[in-house]
*Asks:* 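Pasting a structure below so you can have a look.
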Amino acid sequence: MSSFARNSDTSSFARNSDTSSFARNKVAIVGYAQSDIRRTAGRTLGALTVDVARAAAADAGLELEQVDGYVSSSLMPSASGRVVEDGVSTVSSAWLAGRLGGTPRYVAGFDGIGQLTGSVSMAVNAIASGAADYVIVHRALHNPTGSYHGNPMQAVHGPQQWTAPQGFFGPLAMIALPYNEYLQRYGAKPESMAAVVTEARKNGARIPWSFWYDRPLNRDEYLSAPALFDPVRRFDCDIPVDGVAAFVLTSAERAKDLPHPPVYIAGYANATPTRRRLPLHWPLDDILGAGGDLVRRLEESSGIGMREIDLPQVYDGFSPFVWFWLESLGLCPPGEAHRFVEEGGIDSDRPGAIPALSGGGALGNGRMHGVPQMLECYLQLSGRAGTRGRAGLTTAVACHSSPHYGGAVVYSANRF
């Protein structure tokens, strides 16, 4: 048992207290669909999304005509400076609603960094306010052909003129900076990150729709992979993919009449950087400081302390995010996440550990921008995870993006 295992103390956040005006547990997920995750789907992203949305509505026991709300987030559907074409390389709510027919009353898109958490919050508000009865929330990701994160810039203007010409551009430079800060500040070794990546790949290898299905990764394979932007190695990055997921949300009252056990949205919070910085300048103090603020607002919104949560699902688009989220959520002491993980603290097969990557995350599924975290929360709390099901879970939290730039949603199997 790790010396950093969760304390059994209950949080000071009483679940029956009403600390915010949020529509706590008044909206629920009642169905889902997930495409196979592939490097290249062999068809347009729009066609794939239409099929997934239809399947999600059917899974919820609904006719498409009953769906009157669509919410998505189409920011960063792909990379490398390519032209974005709706229905081909991205899929907006308006595009999807137009292809599925019916007369939707609410069509919207979230335009922040924490795309999926922001979309969920918009859907919750739409349903709670009566703007829509049944809302499909989807996320569609595209992997363009050619070099990923190639630099198409011929000239640089604005703040990036001080960074891009020197080679500081793109997400690899962005994450390498706070990762290096963490290593130097806390005496961590980059080799410690192998425990994060192998855990994600172990769990992703068990999920049939994962790109990495039946392909776990061992420590030697991780360490032998080339460095891309010191100290970031190849397998520290989620692999770009084509993939779509859709979730159906409705009110708690309507959910009673549908075929699957509902999973309620207990609370959410989205973060924004608190300091003005140059593009992609993400210092470690910004990430952890704003992450702490986000978690405080998340606990107030949900009425649940993060140490009470049964199933945390941390974001892992880049592996260092796992360390940052574990510390922001208070699941291990500051500066100790590297040791916590190495000692088996998030080993999903170890009794008493925190199964923070039990759904495989992005490293174990592919670059699905928070979908694996949300989907794992839904499947486990609704009892639909099959042979991967974990007994006795009633609460979960799904995190997305960086703690200072993304967001998180708390889910519950029970209303309170």
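Only heavy atoms go into these numbers, but all of them, side chains included; no hydrogens, no water, no symmetry mates.
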*Asks:* Could you tell me which residues satisfy salt bridge (charged side-chain N to carboxylate O under 4.0 Å, His left out) with Asp230, sequence neighbours excluded, listed by chain and number?
*Replies:* none
*Asks:* Taking all heavy atoms of Ser328 and all of Gly291, pick out the closest pair and write down the distance.
*Replies:* OG-CA, 3.9 Å
*Asks:* Tell me whether Asp68 contacts the main-chain N or O of Ala132 through its side chain, where contact means a donor paired with an acceptor under 3.5 Å.
*Replies:* no
*Asks:* Give a yes or no answer on whether the side chain of Arg234 reaches the backbone of Leu228 with a donor-acceptor pair at less than 3.5 Å.
*Replies:* no
*Asks:* Can a donor-acceptor pair be found, under 3.5 Å and without considering hydrogens, that links the side chain of Arg105 to the backbone of Gly130?
*Replies:* yes
*Asks:* Is the distance between the ring centroids of Phe321 and Tyr315 less than 6.0 Å?
*Replies:* yes
*Asks:* With side chains defined as the heavy atoms from C-beta onward, is the minimum distance between Leu249 and Ile265 less than 4.5 Å?
*Replies:* yes
*Asks:* What are the two closest non-hydrogen atoms of Ser358 and Asn203, and how far apart are they?
*Replies:* O-CB, 3.5 Å
*Asks:* Can you tell me which residue among Ile136, Leu96, Val244 is in a side-chain contact (heavy atoms from CB on, under 4.5 Å) with Val52?
*Replies:* Val244
*Asks:* Do Tyr378 and Arg384 get their side chains close enough for a donor-acceptor pair, meaning under 3.5 Å?
*Replies:* yes
*Asks:* For Ala245, is there any backbone N or O sitting under 3.5 Å from a side-chain donor or acceptor partner on Gln34?
*Replies:* no
*Asks:* Would you say the side chain of Arg39 lies within less than 4.5 Å of the side chain of Ile239, judging by non-hydrogen atoms?
*Replies:* yes
*Asks:* Which distance, rounded to the nearest 0.5 Å, do you find between the CG of Leu177 and the NE2 of His281?
*Replies:* 5.5 Å
*Asks:* Rounded to the nearest 0.5 Å, how far does OG of Ser402 lie from CG of Asp286?
*Replies:* 9.0 Å
*Asks:* What is the distance from atom CG of Leu311 to atom CD of Glu376, rounded to the nearest 0.5 Å?
*Replies:* 6.0 Å
*Asks:* Evaluate the side-chain proximity of Val371 to Met374: yes if any heavy-atom separation is below 4.5 Å, no if none is.
*Replies:* no
*Asks:* Would you mind checking if Arg415 and Glu253 are paired as a salt bridge, meaning a charged N to carboxylate O distance below 4.0 Å?
*Replies:* yes
*Asks:* With side chains defined as the heavy atoms from C-beta onward, is the minimum distance between Asp236 and Phe318 less than 4.5 Å?
*Replies:* no
*Asks:* Where is the tightest heavy-atom contact between Ala408 and Val397, given as atom of each residue plus distance?
*Replies:* CB-CG2, 4.0 Å
*Asks:* Would you sort out whether Leu329 and Val314 count as a side chain to side chain contact (heavy atoms under 4.5 Å, CB included), showing the intermediate values?
*Replies:* CA-CA 9 Å; Leu329 292 169; Val314 299; 3.9 Å; yes
*Asks:* Determine whether Pro355 and Arg390 make a side-chain contact, defined as any pair of heavy atoms from C-beta on separated by less than 4.5 Å.
*Replies:* yes
*Asks:* So, does Asp59 use its side chain to make a donor-acceptor pair with the main chain of Ala33 at under 3.5 Å?
*Replies:* no
*Asks:* Applying side chain to side chain donor-acceptor pair (under 3.5 Å), run through Asp86 and Ser92 and close with a yes or a no.
*Replies:* CA-CA 7 Å; Asp86 206 356; Ser92 67; 2.6 Å; yes
*Asks:* Evaluate the side-chain proximity of Leu357 to Val322: yes if any heavy-atom separation is below 4.5 Å, no if none is.
*Replies:* yes
*Asks:* Please indicate whether Arg185 has more than 12 foreign heavy atoms, meaning atoms of other residues, nucleotides or ligands, lying under 6.0 Å from its CZ.
*Replies:* yes
*Asks:* Does Arg43 come within less than 4.0 Å of Asp242, counting only side-chain N to carboxylate O?
*Replies:* no
*Asks:* Taking the side chain from Gln313 and the backbone from Cys377, do they hold a donor-acceptor pair closer than 3.5 Å?
*Replies:* no
*Asks:* Between Asp349 and Lys202, is there a side-chain N and carboxylate O pair less than 4.0 Å apart?
*Replies:* yes
*Asks:* Can you label the angle between the Tyr182 ring and the His338 ring as parallel, tilted or perpendicular, going by 30° and 60°?
*Replies:* perpendicular
*Asks:* Just so I know, are the side chains of Phe324 and Leu284 near enough to count as touching, which here means a heavy-atom distance under 4.5 Å?
*Replies:* yes
*Asks:* Spell out, as yes or no, whether a donor-acceptor pair under 3.5 Å connects the side chain of Ser119 to the backbone of Ser72.
*Replies:* yes
*Asks:* Any chance you could measure Tyr134, atom OH, to Ile127, atom CD1, to the nearest 0.5 Å?
*Replies:* 10.0 Å
*Asks:* Just checking, is any N or O donor in the side chain of Thr117 or Asn270 under 3.5 Å from an acceptor N or O on the other one?
*Replies:* yes
*Asks:* Given side chain to side chain contact (heavy atoms under 4.5 Å, CB included), test Val71 with Phe247 step by step and report yes or no.
*Replies:* CA-CA 10 Å; Val71 178; Phe247 300 86; over 6 Å; no
*Asks:* Roughly how far apart are Ser319 OG and Glu199 CD, rounded to 0.5 Å?
*Replies:* 13.5 Å
*Asks:* Going by the side-chain contact (heavy atoms from CB on, under 4.5 Å) test, name the single residue among Pro226, Ser224, Pro190 that passes it with Arg233.
*Replies:* Pro190
*Asks:* Are any side-chain N or O atoms of Ser93 and backbone N or O atoms of Ala108, one a donor and one an acceptor, separated by less than 3.5 Å?
*Replies:* yes
*Asks:* Given Met306 and Glu299, is the side chain to side chain contact (heavy atoms under 4.5 Å, CB included) satisfied, shown in steps?
*Replies:* CA-CA 7 Å; Met306 291 301 101; Glu299 292 177 326; 3.7 Å; yes
*Asks:* So His404 and Trp282, would you call those rings parallel, tilted or perpendicular, with 30° and 60° as cut-offs?
*Replies:* perpendicular
*Asks:* Looking only at heavy atoms, what is the nearest atom pair of Ala173 and Phe168, with distance?
*Replies:* O-CE1, 3.5 Å
*Asks:* How many angstroms lie between CG in Leu62 and OG1 in Thr250, if you round to the nearest 0.5 Å?
*Replies:* 7.5 Å
*Asks:* Hey, mind stepping through Ile207 and Arg388 against side chain to side chain contact (heavy atoms under 4.5 Å, CB included) and telling me if it holds?
*Replies:* CA-CA 9 Å; Ile207 299 174; Arg388 298 190 309 106; 3.8 Å; yes
*Asks:* Please tabulate, one pair per line, all N/O donor-acceptor pairs under 3.5 Å involving side-chain atoms of residues 191-198, not counting sequence neighbours.
*Replies:*
unit_1	atom_1	unit_2	atom_2	d
Ser192	OG	Lys189	O	3.3
Ser192	OG	Glu342	OE1	3.1
Thr198	OG1	Ala194	O	2.8

*Asks:* Looking at every heavy atom in both His400 and His369, which two are closest together, and how far apart are they?
*Replies:* NE2-O, 3.2 Å
*Asks:* Is there a donor-acceptor pair closer than 3.5 Å between any side-chain N or O of Gln66 and the backbone N or O of Asp133?
*Replies:* no
*Asks:* Which of these passes side-chain contact (heavy atoms from CB on, under 4.5 Å) with Val91: Thr49, Leu141, Leu48?
*Replies:* Thr49
*Asks:* Which atoms form the tightest heavy-atom contact between Glu327 and Cys332, and what is the distance?
*Replies:* CG-SG, 3.8 Å
*Asks:* Are the side chains of Ser301 and Val410 in contact, using a 4.5 Å heavy-atom criterion?
*Replies:* no
*Asks:* Tell me whether Thr40 contacts the main-chain N or O of Gly42 through its side chain, where contact means a donor paired with an acceptor under 3.5 Å.
*Replies:* no
